[in-house]
Amino acid sequence: MTAKISYDDVEVGTELPTQTFGVTRATLVRYAGASGDFNPIHWNEKFAKEVGLPDVIAHGMFTMAEAVRVVTDWIGDPGAVVEYGVRFTKPVVVPNDDQGATIEVSGKVAAKLDDNTVRVDLVAMSAGQKVLGMSRAVVRLA
């Protein structure tokens with residue numbers, strides 16, 4: 001695969017399509033099985049509250065993966081991501097109901113770099129709070 005977006009067609013300030021991702025307790029159980037991360041703060045409400053959390057929280061790596069989907073969907077090639085990093089700022093609290101939580105992610109081209117690469121800055125929000133800080137991806141465009 002190769003990126004579907006051309007470096008020449010992108011300017012600093014180009015906004016990526018915002019996406020919203022749903023997270024339920026079932027989502028967390030499936031992620032725990034796939035990742036091998038069965039920490040009870042991600043599925044046991046009683047335990048999560050005993051350790052000072054407001055409720056069960058989503059895995060940080062799950063939140064990070066959902067956020068970068070905005071970039072990979074935009075460029076059309078996950079292999080075009082050269083670098084990606086975040087800081088975890090707030091947890092995504094996932095209530096035990098049919099609605100769960102949502103993570104809303106927006107992105108913007110923050111810099112055009114060398115070798116057809118751009119830096120995309122992401123903003124990930126849940127329940128009105130920024131859940132990832134310094135969320136940045138460097139991607140190689142066509």
(request) Report the C-alpha distance between Val105 and Thr18 in whole Å, list the side-chain angles of each, state the deciding distance to 0.1 Å, and finish with yes or no for side-chain contact (heavy atoms from CB on, under 4.5 Å). (result) CA-CA 6 Å; Val105 184; Thr18 298; over 6 Å; no
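- Using the six-membered ring where Trp is involved, Phe62 and Tyr31 have ring planes that are perpendicular, over 60° apart on the 30 and 60° scheme.
- In terms of hydrophobic clustering, with Ile, Leu, Val, Met, Phe, Trp and Tyr side chains grouped at heavy-atom distances under 4.5 Å, Val131 and Val123 are assigned to different clusters.
- Within the 4.5 Å cutoff, the side chain of Val68 has heavy atoms near those of the Tyr84 side chain.
- Looking at Asp115 and Tyr7, their side chains never come closer than 4.5 Å, going by heavy atoms from C-beta outward.
- A single hydrophobic cluster is not seen to contain both Trp43 and Val51; linkage of ILVMFWY side chains at heavy-atom distances under 4.5 Å, directly or through other members, places them apart.
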(request) Apply side-chain contact (heavy atoms from CB on, under 4.5 Å) to the pair Leu16 and Trp74, showing each step before the final yes or no. (result) CA-CA 7 Å; Leu16 284 60; Trp74 175 64; 3.6 Å; yes
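- Counted within 6.0 Å of NZ on Lys112, heavy atoms from surrounding residues, nucleotides or ligands total more than 12; the atom is thus considered enclosed.
- Connection of Leu53 to Leu28 is not established within any shared hydrophobic cluster, with ILVMFWY side chains joined at heavy-atom distances below 4.5 Å, either directly or through further cluster members.
- In this structure, the separation between CZ on Arg136 and CZ on Arg87 is 9.0 Å, given to the nearest 0.5 Å.
- Between Val139 and Leu141, some side-chain heavy-atom pair lies under the 4.5 Å cut-off.
- Judged by distance alone, the side chains of Gln19 and Asp73 do bring a donor and an acceptor atom under 3.5 Å apart.
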(message) One pair to check against side-chain contact (heavy atoms from CB on, under 4.5 Å): Thr14 and Lys108. What are the steps and the verdict?
(response) CA-CA 6 Å; Thr14 299; Lys108 185 184 296 188; over 6 Å; no
(request) Starting from the C-alpha separation in whole Å, work towards a yes-or-no answer on salt bridge (charged side-chain N to carboxylate O under 4.0 Å, His left out) for Asp55 and Arg25. (result) CA-CA 11 Å; Asp55 207 332; Arg25 296 280 178 95; 2.7 Å; yes
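- To the nearest 0.5 Å, atom OG of residue Ser135 and atom NZ of residue Lys130 are 8.5 Å apart.
- Side-chain heavy atoms closer than 4.5 Å link hydrophobic residues (I, L, V, M, F, W, Y) into clusters, and following such links, possibly through other members, connects Val10 to Val70.
- Cluster membership for Ile41 and Leu132, using ILVMFWY side-chain heavy atoms within less than 4.5 angstrom, is not shared.
- Separation of atoms CG (Asn39) and CD1 (Ile57) is listed at 8.0 Å; rounding is to 0.5 Å.
- Taking the side chain as every heavy atom from C-beta outward, Met64 and Phe88 approach each other to under 4.5 Å.
- Interatomic distance, Thr20 OG1 to Met125 CE, rounded to the nearest 0.5 Å: 11.5 Å.
- No donor-acceptor distance shorter than 3.5 angstrom exists from the side chain of His42 to the backbone of Val56, with no hydrogens or angles considered.
- Here the closest non-hydrogen pair linking Val12 and Ala110 is CG1-O, 3.6 Å.
- Using a distance-only test at 3.5 Å, with no hydrogens or angles considered, no donor-acceptor pair links the side chain of Thr24 to the main chain of Gly100.
- Closest non-hydrogen pair, Asn116 versus Ala142, comes out as ND2-O, 3.5 Å.
- Salt bridge absent: Asp77 and Lys4 never bring a charged side-chain N and a carboxylate O closer than 4.0 Å.
- Tested against Val138 for a side chain to side chain contact (heavy atoms under 4.5 Å, CB included), the candidates Thr117, Val71, Val120 yield a single pass: Thr117.
- Rounding to the nearest 0.5 angstrom, the gap separating the OG1 atom in Thr89 from the CD atom in Gln129 is 8.0 Å.
- Summarising the geometry of Thr72 relative to Pro78, their closest heavy-atom pair is CG2-CA, 3.8 Å, with the distance given to 0.1 Å.
- With rounding to the nearest 0.5 Å, the separation of OG in Ser6 from CD1 in Ile75 is 13.0 Å.
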